Amino acid sequence: MPLISKRKNSKQTYTGHRKRIKDKFKAGGIESWLDYEILEFALSYAIARKDTKTLAKELVHKFNSFNGVLDADYKDLKSINGISEHTALFIKLLKEITKYYSKNTIAKKNLLASPEGVVNFLTTVLKGSFDEEFHAVFLNRSNNLIKQELLQKGTIDKSIVYPRKIVERALYHHAVNVIIAHNHPGETLKPSKNDIEVTDAIKTALKTVDVDLLDHIIITGSGYFSFKEQNLL
């Protein structure tokens, strides 16, 4: 009998706590919440019949922040005690949802009128990737987003494949302007000699089909580097 009572009390504790979190969210969103509180609330929709506060704190401590948890590798997430395959997939889904929402939002805006929006969007896409990725953002005449595409994973080089592929995709999308971007997993913001050569080759290739290269943005975990802002275009 005491065992049954203990189980009932435990259930009442976490269900009551979850209700308080929901009420807090309904009252004011998550603007002033701590990272672990946001994650705790999110995990409550993936993990049933269990208090998620301790697990959320452990995840934030392990990966340094809420963003770090979303950026974490799937296998690293599963290595944490209490994180099942279902929960790890849910966390990765949260990251993909933020990317999808950001892409849909930015598609409605003139990207040149809101350059910080481009950086925020590309940071969402590229930050936390353990591999170097090369992306292209294709724009129409009003500089609204037509399509963002991952063109390459791995080390970027000045192979003719890059200019040719970007020209092909720009023509396919009927783009007038293009922004290219890649990440530096090693955290250095300074563009390499190869980055500069790739940029020049792509700009020249796009000019042959009357498409302008507006910027090349390098993203790291600590910030970004814009070729346009540094007058390298």
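Counting begins at 1 with the first residue of the sequence. Since the structure is predicted, the reported quantities are computational estimates derived from the model, not experimental observations.
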Undergrad: Could I get the full list of side chain to side chain donor-acceptor pair (under 3.5 Å) partners for Tyr36, not counting sequence neighbours?
TA: none
Undergrad: Can you find a pair of side-chain heavy atoms, one from Leu55 and one from Ile47, that are under 4.5 Å apart?
TA: yes
Undergrad: May I ask you to test the Val167-Leu206 pair for a side-chain heavy-atom distance under 4.5 Å?
TA: yes
Undergrad: Salt bridge (Lys or Arg N to Asp or Glu O under 4.0 Å) with Glu37: which of Arg20, Lys24, Lys53?
TA: Lys24
Undergrad: Is any side-chain heavy atom of Leu94 closer than 4.5 Å to one of Val69?
TA: no
Undergrad: Evaluate the ring planes of His216 and Phe227, with Trp represented by its six-membered ring, and classify them as parallel (under 30°), tilted (30 to 60°) or perpendicular (over 60°).
TA: parallel
Undergrad: Decide whether Asp215 and Ser226 meet the rule of one side-chain donor and one side-chain acceptor closer than 3.5 Å.
TA: yes
Undergrad: Any non-hydrogen side-chain atom of Ile202 less than 4.5 Å from a side-chain atom of Val178?
TA: no
Undergrad: Can you tell if the side chain of Asn177 reaches within under 4.5 Å of the side chain of Asp212, non-hydrogen atoms only?
TA: yes
Undergrad: Please collect all ring-ring contact (aromatic ring centres under 6.0 Å, His included) contacts where either partner lies in residues 43-84, sequence neighbours excluded, each pair once.
TA: Phe41-Tyr45
Undergrad: Under a plain distance cut-off of 3.5 Å, with no hydrogens placed, do Tyr172 and Glu149 share a side-chain donor-acceptor pair?
TA: no
Undergrad: Whether the side chain of Lys153 engages the backbone of Glu132 through a donor-acceptor N/O pair (distance < 3.5 Å, no angle test) should be reported.
TA: no
Undergrad: For residues Lys228 and Ile179, determine if any side-chain heavy atom of one lies less than 4.5 Å from a side-chain heavy atom of the other.
TA: no
